[in-house]
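In what follows, chains are A, B, ... by sequence order, proteins preceding strands, each numbered from 1.
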There are 4 protein chains.
Amino acid sequence: MATKAKRRFKEMRLRSEEKILDAALELFATNGYKNTSISEIAKKADISKGLMYNYFASKNALLRAIVTKAITEGHNLVQHAMEDYASPILELEHLVLDTFEHVKNNFQFWKLLTSLSHQQDIMASVQDLVAEEKKWSIQKGIELFTKLKAPNPRQSAFLLGAAMDGIMLHYIHMGDEYPIDEMAKNLIETFTHPASIHLG
Amino acid sequence: MATKAKRRFKEMRLRSEEKILDAALELFATNGYKNTSISEIAKKADISKGLMYNYFASKNALLRAIVTKAITEGHNLVQHAMEDYASPILELEHLVLDTFEHVKNNFQFWKLLTSLSHQQDIMASVQDLVAEEKKWSIQKGIELFTKLKAPNPRQSAFLLGAAMDGIMLHYIHMGDEYPIDEMAKNLIETFTHPASIHLG
Amino acid sequence: MATKAKRRFKEMRLRSEEKILDAALELFATNGYKNTSISEIAKKADISKGLMYNYFASKNALLRAIVTKAITEGHNLVQHAMEDYASPILELEHLVLDTFEHVKNNFQFWKLLTSLSHQQDIMASVQDLVAEEKKWSIQKGIELFTKLKAPNPRQSAFLLGAAMDGIMLHYIHMGDEYPIDEMAKNLIETFTHPASIHLG
Amino acid sequence: MATKAKRRFKEMRLRSEEKILDAALELFATNGYKNTSISEIAKKADISKGLMYNYFASKNALLRAIVTKAITEGHNLVQHAMEDYASPILELEHLVLDTFEHVKNNFQFWKLLTSLSHQQDIMASVQDLVAEEKKWSIQKGIELFTKLKAPNPRQSAFLLGAAMDGIMLHYIHMGDEYPIDEMAKNLIETFTHPASIHLG
DNA sequence: AATGAATGAGTTTTCATTCAT
DNA sequence: CATGAATGAAAACTCATTCAT
């Protein structure tokens with residue numbers, strides 16, 4: 001009896017939580033954290049203002065929940081993708097493609113994260129979650145270019161990272177108008193082909 | 001007499017206006033637009049809250065003034081730098097270096113602009129100013145790569161643009177810890193040397 | 001069968017009601033009425049929020065129930081204690097000691113009542129219950145001092161009442177650190193011995 | 001010029017601050033801290049809600065300001081009054097009378113303080129201010145009864161303290177209906193006359 | 001009888017903006 | 001031109017109470 005009721009309650013909780021997280025992510029991403037009110041979130045999630053506080057202790061806790069969730073998901077995804085590859089070139093190719101795939105599939109989240117990254121005080125409450133992710137990413141790049149026998153792996157990793165972030169930035173701003181797949185292909189060629197594609 | 005007095009007033013006016021713009025730029029850039037109060041700006045600019053409204057009709061007008069000013073300055077700078085170059089390679093080199101130089105010299109402004117770019121409603125009030133700038137920039141890139149006989153000038157221009165923005169993004173986040181000059185050198189080589197520097 | 005089940009239900013009901021009353025009393029007394037939420041009470045009583053409303057129509061009804069219960073108990077106690085004494089001196093002695101005993105045994109309740117007594121609007125809903133109690137208490141004091149042939153029984157009763165309330169106040173604030181028994185002894189001597197104990 | 005304007009502003013500030021403090025004191029004292037909203041205070045003080053925050057950082061800061069102000073005033077008053085007396089009996093007489101005088105003149109404040117003393121968490125934010133006051137008071141009492149050669153000065157000081165607090169409590173509850181001056185006289189006699197006044 | 005999800009009115013707090021001087 | 005006191009609308013948050021199950 002009690003079990004049945006409990007299960008039902010759990011489901012209700014989960015559904016509401018999901019609705020709130022989704023609504024908040026979209027609004028935060030589009031209009032910014034400070035610029036989004038709990039009222040707006042509640043309206044979009046189709047719940048009452050008060051209910052939000054049943055699930056998240058504060059607006060900031062809600063933000064952290066979003067970031068935590070997305071980073072966890074993202075981390076798993078990329079780590080999986082990295083497992084076994086025949087050659088470092090293929091590996092680099094997948095690093096780029098998988099990352100962009102993840103960005104495409106989590107458009108709103110990346111928009112939010114990019115937006116957050118410019119607000120010092122808000123970022124502070126999320127910094128720890130993001131910092132680790134970044135370090136891991138650069139480390140992976142350096143390993144790759146070392147395997148590829150690049151003359152300066154660190155430098156190449158940084159440049160690749162910058163180019164990827166730039167592409168993501170443009171993609172995030174322009175959305176599907178931006179030729180992200182083409183850019184990815186181009187990027188991979190630039191970083192793996194001995195002859196530059198840029199000059200004839 | 002009157003003239004002298006008038007001139008002094010004008011100078012004071014300019015000085016106050018300048019102080020407000022500077023203070024606001026720094027605070028907006030560091031903490032975000034929404035997160036910065038008029039009180040804070042007034043305190044930092046060492047003027048009264050009320051005085052601000054003598055110079056700018058609203059907080060949003062102040063924001064627009066900052067963006068307008070910086071974009072105008074930036075535009076002049078880059079356009080100047082582009083004038084006469086012996087070869088397109090040199091020209092590309094200068095495009096990259098001058099842009100980064102501008103970012104370095106207007107760190108706060110770029111920080112602000114990057115931050116703003118993620119807040120749809122605020123950006124709306126500034127969008128038109130930025131859009132033109134962007135278009136011009138891409139056009140310039142395409143021209144350059146055409147002169148350089150790149151197989152796909154548009155693609156190369158996009159990739160260069162993305163890489164430059166990525167580098168700027170990292171520089172803006174990390175400040176002087178980021179090896180922006182080294183990155184610039186590297187970037188130029190990648191885009192102008194027939195043999196890739198990435199693979200040995 | 002039915003009877004047995006009914007009895008069990010009644011017991012459960014009593015147990016839950018008791019748990020709620022105890023939890024609420026402690027929380028109200030410690031943190032104040034307004035400062036205590038139904039959630040806290042429910043958690044402390046180990047029941048659900050909703051169940052509380054099966055037993056008490058509102059938070060205020062719960063408060064009234066607590067006060068009513070404790071006053072009734074207290075009244076019985078003191079009245080019992082007052083029955084037959086050989087001398088008015090002994091009677092006064094018992095009045096003091098029994099009252100303090102009651103306070104010691106109902107510490108939380110007295111704490112609550114003392115706390116409530118300063119909140120006009122809340123007190124309104126409880127006032128009538130308390131007023132009667134007070135009147136009875138003073139009447140008793142006057143009777144006693146009359147029997148004791150005090151020159152001004154009313155005055156003495158008031159002074160004794162004030163001193164007792166003062167001692168109770170201190171006891172309530174300090175808890176068992178306060179030497180309430182010693183104070184009681186002292187108080188009785190002061191009011192029954194012809195020679196003052198205060199000056200040597 | 002500037003000076004004149006500044007003086008005017010200071011006066012405005014002072015007046016508003018005073019109005020807020022007075023309104024808040026009365027409401028806190030009558031209805032309790034938690035039970036009083038900023039809106040009510042603003043309405044009573046005839047100012048806008050927002051203005052309160054120009055003067056006090058928070059509702060709690062307002063409370064502390066009230067307590068600090070009253071304790072400081074009270075301390076000065078009593079300390080002054082204690083200076084030079086011909087005999088310890090006269091000194092005790094004045095201790096009692098001056099204290100009651102202070103309570104009468106700061107009725108609202110004492111009502112508030114008595115009310116606060118029962119709410120642990122609120123009291124925490126004010127405790128330090130009050131604790132010192134209490135210690136000083138008891139110390140004074142012990143000194144007095146030592147000079148008066150009471151057999152147990154500490155005990156007598158405690159009893160006097162309790163009686164005084166009890167009288168104040170009743171006075172605070174009943175207001176001017178309570179014969180506080182008569183009680184004071186009676187109290188002094190009880191504690192200074194060798195023969196008890198209670199029994200004929 | 002019992003649960004806890006959901007509500008909404010009310011509370012504290014913030015801040016762009018106005019205005020008297 | 002300059003000041004900062006004052007306002008009020010909107011934001012974050014709390015909580016007694018209701019209700020479907």
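Taking atom CZ on D:Phe28 and atom P on E:dT11, their separation rounds to 13 Å, with Å as the unit. Taking atom CG of A:Asn60 as the reference point, atom P of F:dA11 lies 18 Å away to the nearest angstrom. Atom-to-atom, CG of D:Asn35 to C1' of F:dT14 comes out at 15 Å; the value is rounded to the nearest Å. Rounded to whole Å, atom P of E:dA20 lies 11 Å from atom CE of D:Met12. Taking atom NZ on C:Lys43 and atom C1' on E:dT3, their separation rounds to 15 Å, with Å as the unit. In this structure, C:Ile47 atom CD1 and E:dA1 atom C1' are separated by 12 Å, rounded to whole Å. Nucleotide E:dT11 holds its P atom 16 Å from the CG atom of D:Leu62, rounded to whole Å. In this entry the distance linking CD1 of C:Ile41 with C1' of F:dT14 reads 15 Å, nearest Å.
In this structure, C:Leu51 reaches the bases: a heavy-atom distance under 4.0 Å links it to at least one base atom across the strands shown. Residue A:Tyr55 is in sugar-phosphate contact alone, with no base atom involved, counting any heavy-atom pair closer than 4.0 Å across all strands shown.
One finds a side-chain N or O of C:Lys59 lying less than 4.0 angstrom from the OP1 or OP2 phosphate oxygen of F:dA16. In terms of phosphate contacts, D:Arg13 brings a side-chain nitrogen or oxygen within less than 4.0 Å of OP1 or OP2 of F:dA5. For F:dC13, the OP1/OP2 oxygens have a side-chain nitrogen or oxygen of A:Tyr53 closer than 4.0 Å. Between A:Asn54 and E:dA5 there is no side-chain N or O to OP1 or OP2 distance below 4.0 Å. Side-chain nitrogen and oxygen atoms of A:Ser39 include none within less than 4.0 Å of the OP1 or OP2 phosphate oxygen of F:dA10.
Positionally, the nearest nucleotide of DNA chain F for D:Lys10 lies more toward the 5' end than for the other of D:Lys10 and A:Ser58. Taking the nucleotide of DNA chain E with the nearest heavy atom to each of B:Gly50 and C:Gly50, the more 5' of the two is matched to C:Gly50. In this structure, B:Tyr33 and D:Lys49 both approach DNA chain E, and ranking their closest nucleotides by distance from the 5' end singles out D:Lys49.
Remark: A:Phe9 CZ to A:Leu14 CG distance equals 14.5 Å, nearest 0.5 Å.
When both pairing distances are held under 3.5 Å, E:dT13 makes a Watson-Crick or G-U pair with F:dA10. Under the Watson-Crick and G-U wobble criteria, each requiring two contacts below 3.5 Å, nucleotide E:dA1 is left unpaired.
Within the cation-pi definition used here (under 6.0 Å to the ring centroid, within 45° of the axis), C:Lys59 qualifies as a partner of C:Tyr33.
For the residue pair A:Leu27 and A:Thr36, the shortest heavy atom distance occurs at O-OG1, 3.3 Å.
For C:Lys49, there are no salt bridge (Lys or Arg N to Asp or Glu O under 4.0 Å) partners at least two apart in sequence or on another chain.
Of the candidate nucleotides E:dT13, E:dG4, F:dT3, E:dT13 has the atom nearest to the side chain of D:Ile38.
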Practice task
For side chain to side chain contact (heavy atoms under 4.5 Å, CB included), just list the numbers for B:Leu62 and B:Leu21, CA-CA rounded to whole Å, side-chain angles, deciding distance to a tenth of an Å, and then say yes or no.
Solution key: CA-CA 7 Å; B:Leu62 172 56; B:Leu21 285 168; 4.0 Å; yes
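Between C:Gln108 and C:Phe28, the closest side-chain pair of non-hydrogen atoms is not below 4.5 Å.
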